[in-house]
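Per chain, numbering begins at 1; letters A, B, ... match sequence-line order. Source: prediction; values computed, not measured.
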Amino acid sequence: DSGVTQTPKHLITATGQRVTLRCSPRSGDLSVYWYQQSLDQGLQFLIQYYNGEERAKGNILERFSAQQFPDLHSELNLSSLELGDSALYFCASSVEDRAYGYTFGSGTRLTVV
Amino acid sequence: GNSVTQMEGPVTLSEEAFLTINCTYTATGYPSLFWYVQYPGEGLQLLLKATKADDKGSNKGFEATYRKETTSFHLEKGSVQVSDSAVYFCALSATGANNLFFGTGTRLTVIP
């Protein structure tokens with residue numbers, strides 16, 4: 001157990017729907033990062049939050065959004081889902097506001113049918 | 001820009017064989033370099049890291065040396081085991097960047 005908790009582990013939904021993925025960072029970590037892992041794109045950075053504030057954005061689609069709450073857990077919202085959004089979504093956390101020695105969660109596998 | 005180029009897989013080795021997975025990078029400034037491992041059905045785990053030129057990261061028999069002159073961070077292990085079967089990712093953290101840049105991953109299968 002890495003200490004980073006992601007729920008749910010698996011999600012199957014239809015095109016056009018909206019889903020929310022949840023991440024609880026490791027105790028004491030203030031930064032949360034979201035990544036998408038797909039077969040054709042590899043690991044793509046989506047977005048980072050540090051202590052409730054958005055700090056960096058990567059290849060995140062406009063249909064996707066995220067937030068980090070006062071208790072430091074984070075949610076990734078995916079809307080108007082398309083077949084191509086099927087992927088593994090990973091959350092990672094770190095103490096600092098920089099990418100050094102992340103701890104990853106075990107991921108949420110999203111299947112859009 | 002920042003990028004990582006990783007050896008194409010998959011790689012299949014017999015137990016106790018020598019492993020090398022090549023990784024080269026392009027980065028601005030002075031990046032930190034990492035190897036992550038992903039076992040089936042799990043998230044990525046940090047395997048080893050190096051923060052400056054000529055540093056050698058090591059863990060669980062794996063090693064990688066940060067070579068600035070060749071912009072490389074190749075992963076090596078002298079004698080692989082079946083339990084090393086996994087996907088290995090090279091990654092970099094660039095100066096001033098908030099995220100890691102990952103290579104495409106190399107799948108290693110070790111057969112008894």
Asks: Got a donor-acceptor contact below 3.5 angstrom from the A/Y102 side chain to the B/L100 backbone?
Replies: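 Answer holds: yes.
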Asks: Please state whether the side chain, the backbone, both or neither of A/Q37 comes within less than 4.5 Å of a heavy atom of chain B.
Replies: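 Contact with chain B is through the side chain of A/Q37 alone.
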Asks: Where does B/L46 contact chain A at under 4.5 Å (heavy atoms): side chain, backbone, both or neither?
Replies: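 It is the side chain, since no backbone atom gets that close.
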Asks: Using the side-chain contact (heavy atoms from CB on, under 4.5 Å) definition, which of the options A/S94, A/S93, A/S106 pairs with A/V4?
Replies: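 Among A/S94, A/S93, A/S106, the one meeting side-chain contact (heavy atoms from CB on, under 4.5 Å) with A/V4 is A/S93.
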Asks: Begin with the C-alpha distance, continue with both residues' side-chain angles, and end with the deciding distance and a verdict on side-chain hydrogen bond (donor to acceptor under 3.5 Å, both in side chains) for B/Q6 and B/T106.
Replies: CA-CA 7 Å; B/Q6 199 173 328; B/T106 301; 3.1 Å; yes
Asks: Need one label for B/F101: side chain, backbone, both or neither, based on atoms under 4.5 Å from any heavy atom in chain A.
Replies: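 It is neither, since no heavy atom gets under 4.5 Å.
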Asks: Assess whether atom CD of A/E54 is packed by more than 12 heavy atoms of other residues, nucleotides or ligands within 6.0 Å.
Replies: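 Above 12, so yes.
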Asks: Counting heavy-atom pairs under 4.5 Å to chain A, which of B/Q45, B/E42, B/Q38 comes out on top?
Replies: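 Option with the greatest count: B/Q38.
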